[in-house]
Amino acid sequence: MAANNDLIKLELALWEATMEQAAINFEHAKKFDDYGAMEFNEELIRWARIKIAEIEDYLGTQKGA
């Protein structure tokens with residue numbers, strides 16, 4: 001079970017890094033008025049937030065059990 005939690009924590013770190021990079025890419029796309037890239041990165045940020053919330057919820061449930 002501990003190995004599973006370690007993998008989930010790594011997945012959390014991955015989604016946090018993805019969200020951070022997408023935010024950087026969004027600002028870069030905004031600078032050059034690249035609306036396609038802006039939309040893509042906004043969607044990626046939205047999905048990253050969803051996945052981060054799911055993982056944090058799961059880890060919170062695991063601590064409570």
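Only this structure's heavy atoms are used, side chains among them; waters, hydrogens and symmetry mates stay out.
Here the NZ atom belonging to K9 is positioned 6.5 Å from the CG atom belonging to L59, to the nearest 0.5 angstrom. Interatomic distance, CD of E56 versus OG1 of T61, reported as 11.5 Å (0.5 Å rounding). Expressed to the nearest 0.5 Å, how far CZ of F26 lies from CD of E39 amounts to 10.0 Å.
Residue R49 places its CZ atom among 12 or fewer non-hydrogen atoms of other residues, nucleotides or ligands, all under 6.0 Å distant. Surrounding CD of E54 are more than 12 heavy atoms belonging to other residues, nucleotides or ligands, all under 6.0 Å away.
No chain of hydrophobic side-chain contacts below 4.5 Å, direct or via other Ile, Leu, Val, Met, Phe, Trp or Tyr residues, connects I45 to F40.
Taking every heavy atom of both residues into account, L44 and A22 meet most closely at CD2-CB, 3.8 Å. When all heavy atoms of K30 and M38 are compared, the pair lying nearest together is CA-SD, 3.6 Å.
The side-chain hydrogen bond (donor to acceptor under 3.5 Å, both in side chains) search around E11 returns none, not counting sequence neighbours. Evaluation of the side-chain contact (heavy atoms from CB on, under 4.5 Å) rule for A53 yields no partner, not counting sequence neighbours.
Tested against I55, the residues L12, I50, L14 include a single side chain to side chain contact (heavy atoms under 4.5 Å, CB included) partner, L12.
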